[in-house]
Structure formats: structure tokens, C-alpha cells
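What you see is a predicted model; the values in this text were computed from it and never measured. To find a chain, count down the sequence lines: A is the first, B the second, and so on, and within it residues start at 1.
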Protein chains: 2
Amino acid sequence: MIEREPQPETPENVTQTIARLDHVMDTLPKRLRQCAVFTRHHLHLIAVSTVSDMASASGVAPSAYIRFCQAVGFSGYSEMQTLFRAQYTSFRPDYEQRLAQLSPDVSQGSGELLAEFAESGHQSLIGVGNSVANEGLARVASGMAQARIVHLVGLRRAFAVVSNMSYLLGKLDVPAVLHSNIGNLHAGLVAGSGDVMFAITFAPFSEETITQAHAAAERGVTVYGLTDADDCPLFEFAAEVLVVKEHEVAGFRALNASITLTTALSVLVGAQRAKT
Amino acid sequence: MIEREPQPETPENVTQTIARLDHVMDTLPKRLRQCAVFTRHHLHLIAVSTVSDMASASGVAPSAYIRFCQAVGFSGYSEMQTLFRAQYTSFRPDYEQRLAQLSPDVSQGSGELLAEFAESGHQSLIGVGNSVANEGLARVASGMAQARIVHLVGLRRAFAVVSNMSYLLGKLDVPAVLHSNIGNLHAGLVAGSGDVMFAITFAPFSEETITQAHAAAERGVTVYGLTDADDCPLFEFAAEVLVVKEHEVAGFRALNASITLTTALSVLVGAQRAKT
DNA sequence: TCCGTTATGGAATTTTAATTCCAATTTCGG
DNA sequence: CCGAAATTGGAATTAAAATTCCATAACGGA
């Protein structure tokens with residue numbers, strides 16, 4: 001028998017899996033490539049689907065899908081699924097330990113840490129493509145597109161996210177105001193009829209942000225929100241609240257999901273506005 | 001046989017499930033209550049776990065866990081799990097459609113766009129882990145850790161990135177100043193001996209940022225940089241320049257790589273500083 | 001304490017999913 | 001247009017998970 005390519009090693013995390021996927025993509029036969037293409041765009045489904053689900057979604061027989069898993073370096077579907085499920089169960093025993101040894105020896109760990117954050121970013125992004133947020137996104141976008149002015153509110157961790165939105169919306173000629181609390185301008189009072197507010201707050205929720213959003217809502221301003229927890233006070237008065245789940249490393253939550261979602265949102269708003 | 005309580009109806013969504021959980025909580029016997037308590041706090045695990053997983057996590061036998069599911073109104077664990085999985089696969093009905101339009105690339109829907117950006121994020125992150133920047137990262141981190149004050153400079157697209165660094169460094173007790181150009185403060189002139197500047201600029205490079213960084217460098221301040229192109233002017237006078245390649249969608253570059261890299265950097269600086 | 005009732009854990013069973021195997025089909029070099 | 005090699009779908013098998021059953025234990029009222 002002809003010597004096969006050096007047997008690929010089992011991917012150990014999402015990052016490696018994606019890398020290998022991209023790598024083998026071109027070398028696979030038709031059906032297996034279908035699996036690769038579909039899977040690449042629906043990574044988040046792996047954790048909650050059976051082989052048959054993934055196979056039929058890929059337009060392929062279950063046996064083919066398993067062959068695909070093997071081509072990517074796993075022993076079968078179960079092994080691959082375990083890897084993608086791990087992110088939800090990530091109170092993994094060794095996780096806290098690993099991070100505990102983070103501070104003792106930092107110099108050695110700089111590459112390691114970066115890789116951890118990259119991995120964490122991948123995991124955050126996997127969650128972003130699906131779920132409820134999708135549907136609400138279109139509604140929020142069209143609401144914002146019709147606004148006279150969009151008020152952006154977000155403090156602390158959320159500030160970077162609204163900064164980015166502010167930049168993007170500006171570039172797209174969408175009238176937007178980035179509210180910082182410099183100079184005590186109170187967004188809730190500045191906003192007027194026909195305006196829309198987009199407020200971002202992550203747990204533990206910023207009092208200031210909530211207050212401003214609430215004030216705006218009471219003045220009849222449509223408030224949209226983005227948060228990372230189901231018990232966010234924004235739900236009480238916002239017209240729509242988007243939810244992202246960010247993965248975290250060593251207590252530092254990533255921003256990948258939030259930034260990606262809000263970037264897409266901004267572009268949607270810009271596009272919708274340009275049309276009118 | 002004595003009339004049992006009116007048989008609870010099957011919850012149809014997560015909201016109803018939670019409601020019923022809270023409702024029956026007090027009426028359940030010991031073991032089943034354990035299930036309720038654990039499950040209430042780990043709802044997200046249901047979609048990706050087996051009965052045995054949930055049972056042992058609740059400290060209970062599998063059969064008990066199933067009885068618990070029935071007490072909540074489901075026919076068994078499978079039915080409950082299906083409900084929780086649905087939220088990840090809510091667009092599953094049109095799987096077949098998707099399959100059809102798979103190979104020719106996406107037509108723009110809001111969901112599709114989001115998926116594009118998520119994809120773009122993955123690609124950016126892949127680059128971050130293995131690039132050359134790795135090695136420089138440790139040097140930049142230790143340089144920043146020894147600084148009296150860290151000056152953060154970045155405009156336009158880069159502003160969101162420095163905002164985030166500012167937040168993180170603050171949380172980590174690293175003295176850092178976020179320079180905006182509000183009030184015409186010129187970072188290059190404020191920075192003094194023993195300070196370090198971290199400047200971020202992406203192509204096309206911000207004149208303002210370059211000027212400020214240059215001025216600082218001339219005054220003897222160590223300048224570190226982050227950019228996305230090899231011809232960045234920062235290379236001329238910065239002590240070290242990190243490079244990230246951001247992927248782009250429809251002309252909008254992502255920020256995933258930059259944010260991930262700078263987050264890791266910030267944490268490294270914080271950790272190193274805490275040690276001394 | 002005793003008895004009837006309810007609750008519990010684990011073994012036995014059923015159901016469903018994962019994987020392997022193989023015959024049929026396609027692909028490609030000559 | 002033929003034959004070898006690779007690829008594929010589906011049937012057969014194996015593995016695993018879900019559910020039921022039952023003997024035992026715990027509980028609560030007389």
C-alpha cells in the first residue's frame with residue numbers, strides 16, 4: 001500500500017480544529033468537502049447535534065460525515081463533539097489550575113497566554129452566529145436606521161465596543177453620538193423624539209448606563225441594548241435586547257463576540273440607511 | 001389512587017421551563033430538589049450534557065434526574081434537552097434550503113452578514129496565535145511593566161483598542177493614560193522620562209498618532225507600537241512594533257486580532273507588575 | 001414502634017446514536 | 001472505452017444513552 005500522508009494529530013482545541021479544517025479543505029473529495037464547508041460555517045452546531053443532524057445538514061450520509069471527522073484528525077464524531085462541548089463545561093478541573101500558574105512564570109507564558117486568548121476568542125465567536133440574537137438583530141438595525149440620531153452609551157468594558165460603533169457609524173454617514181460621561185452630559189436628557197439609544201452593559205451592570213437608558217426610555221426614546229446576561233435590567237424597558245456570551249480567560253472576558261455583533265449591526269444600519 | 005395535582009403541561013420554551021422550575025422547587029423531595037437547584041443554575045449545560053452528566057453533577061442517580069424532568073412536566077430528559085438545544089438550532093427547519101444555496105457564496109441577509117463577520121473574526125484570530133509578533137510581545141510587556149506611566153495613543157479605528165487597554169490596565173493597577181485629542185493635549189509632550197508610550201495605528205496611518213509617537217520618541221520615551229502593515233512609519237523610531245493581520249469583510253476590517261493581542265499584553269503587563 | 005406510603009439507587013431493558021463494513025458507483029489514467 | 005483506485009450510501013453492527021422496573025431504604029402518622 002502506498003504511504004499515506006503523515007497521519008494528522010488530533011486537534012486539541014477549537015483553534016487547531018479550524019486551522020486543520022482550512023488546511024485539508026482543498027484536498028478532500030466532494031462529499032467530505034461539503035462537510036468541511038458546512039461545518040466551517042456552523043461550528044456552533046457541533047456541540048448540540050448528532051452525526052445524522054450534521055450529516056443531513058451537510059447533505060451527506062452519516063458515514064461520510066464520520067469519515068470527514070477522521071480526515072480532520074479525530075477518531076470519530078464523538079471525539080470532535082467532546083471538544084466543542086468542552087467550552088460549555090469549561091469549569092474543567094485543570095482550568096483554574098492552569099491560570100493559577102499564570103502569574104508565577106509570566107515570561108515563559110507570553111505565547112501561551114496569547115494562545116489562550118485566541119482560543120477564547122474563537123469560542124466566543126462560535127456562539128455569536130446563532131440563536132435569538134440573529135432575529136433581533138434585523139429589527140434593531142432597522143430601528144436604528146430610521147433614527148434621527150443614534151445615541152451610544154457604554155462604560156468600562158463596554159466603552160471600547162461603543163467607541164468602535166461610533167467610528168463605524170461615522171464612516172457610514174449614520175448620525176451617531178458617542179456619550180462618555182466627560183462633562184456630565186446625560187445621554188438620557190439629550191436624547192429627544194425620533195432618536196434611538198443603543199446601550200451596552202455587561203454584568204455587573206453599570207448603574208450609570210442603566211440610569212441613562214432608563215431616562216431615555218421614559219422620555220419616549222426607543223432603547224436597544226446589548227448585554228451578556230439574561231438578568232440585565234435593560235430587559236425591563238428596552239425595545240429589544242441582544243445577548244452575547246463571551247468566553248473568558250483568567251477572569252478577563254473577551255470582547256470578540258460583542259465587537260463582531262456590533263460591527264455587523266453597524267454595517268447593517270449603514271446599508272439600510274444608504275438605501276433610502 | 002388519590003387524585004394527583006393537575007398534571008403539569010409540557011413547557012414549550014425556556015422561559016416556561018424556568019417558571020415551572022421555580023414553581024415546583026419547594027414541593028420536591030430532597031433528591032429531586034437537588035436536581036432543581038443545580039439545573040436552575042446551570043441551564044446552559046442541558047443542551048450539551050447527557051442524563052448521567054446532569055445527574056452526577058447534581059449528585060443524584062440518573063433515574064432520579066429523569067424523574068425530576070418528569071416532575072417539571074417533560075416526558076423525560078430527551079424532551080427537555082430537545083427544548084434547550086432548539087435555541088442553538090432555531091433555524092434548523094431550513095437546513096435543507098441552506099444546503100442548496102451553499103456553494104455559491106452568500107446573499108446578504110442580516111444573519112448571513114453576522115456569520116461573515118464571525119468568520120472573519122476566526123480568520124483574524126488564527127493569524128494572531130502563530131505570528132512573529134509573539135516574540136516581541138514578551139519584550140513589550142516587560143518594557144511596559146517597568147514604566148512609570150503608560151501612555152496610550154490611538155485614533156479612529158484604533159481608539160476602541162486603546163480604550164480597552166486603558167480599561168484593562170486600570171483594573172490591573174497599572175498606571176496608564178488614555179490620550180484622546182480632546183482639549184488638544186499632546187501626548188508626545190506630556191510623556192516624560194521613565195514613561196512608555198504604546199501607539200496603535202492601522203493603514204492608512206493616522207498622521208496625528210505618528211506625530212505624537214515621534215515627538216515622544218525624540219524626548220527619550222520608549223515607544224512601542226501596534227499596526228497591521230509592514231510599512232508603518234512607527235518602525236522608524238519605535239523600540240518594538242507588533243503586527244497583526246486583520247481579516248476584512250466588505251471593506252470593514254475586524255478588530256479581533258488587535259483586541260486579543262492587546263488584551264493578552266495588558267494581562268501580561270499586569271501580572272509582571274504584580275510580581276515586583 | 002409499627003405500618004403504609006413515598007423516595008431512592010442501581011440493575012435490566014429499550015431506544016437511539018455512533019461506527020464499521022461492503023457492494024455499488026464514480027473517477028481518472030491510459 | 002476499459003480497468004484500477006477511490007469514493008460513496010446504506011445496511012449491519014457495536015456502543016452508549018435514556019428509560020423503566022424493582023427491591024430496599026427512608027419517612028411520617030398513628
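Following rounding to the nearest Å, B:Leu28 (CG) and C:dT6 (P) show an atom-to-atom distance of 15 Å. Atom-to-atom, CZ of A:Arg33 to P of D:dT7 comes out at 11 Å; the value is rounded to the nearest Å. Counting to the nearest Å, the C1' atom of D:dA26 and the CG atom of B:Leu32 are 14 Å from each other. The distance from atom CZ of A:Phe68 to atom P of C:dA18 is 15 Å, rounded to the nearest whole Å. Atom-to-atom, CE of B:Met54 to C1' of D:dA18 comes out at 15 Å; the value is rounded to the nearest Å. Between the CE atom of B:Met80 and the P atom of D:dA17 there is a distance of 17 Å, rounded to whole Å. Rounded to a whole Å, the CZ atom of B:Arg31 is 15 Å from the P atom of D:dA25. In this structure, the CD atom of A:Gln81 is 14 Å from the C1' atom of D:dA15, given to the nearest Å.
Once rounded to the nearest 0.5 Å, the distance linking CZ of A:Arg157 with OG of A:Ser206 reads 12.0 Å. Going from atom CG of A:Asn256 over to atom OG1 of B:Thr263 covers 8.0 Å, rounded to the nearest 0.5 Å.
Scanning both residues, A:Glu240 and A:Gly136, for their nearest heavy atoms gives OE2-CA, 3.8 Å.
The existence of a salt bridge linking A:Arg33 and A:Asp26 is excluded, since no basic side-chain nitrogen approaches an acidic carboxylate oxygen closer than 4.0 Å. Salt bridge A:Arg40/A:Asp22: present, at least one basic N to carboxylate O contact under 4.0 Å.
When A:Val243, A:Thr201, A:Val241, A:Leu226 are each tested for a side-chain contact (heavy atoms from CB on, under 4.5 Å) with A:Cys232, only one passes: A:Thr201.
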Protein-to-nucleotide contact annotation, 5' to 3' order, nucleotides 19-30 of chain C [B base; S sugar-phosphate only; - none; under 4.0 Å, heavy atom]: BB----------
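Considering only the side chain of B:Ala61, C:dG9 comes nearest among D:dT8, C:dT8, C:dG9.
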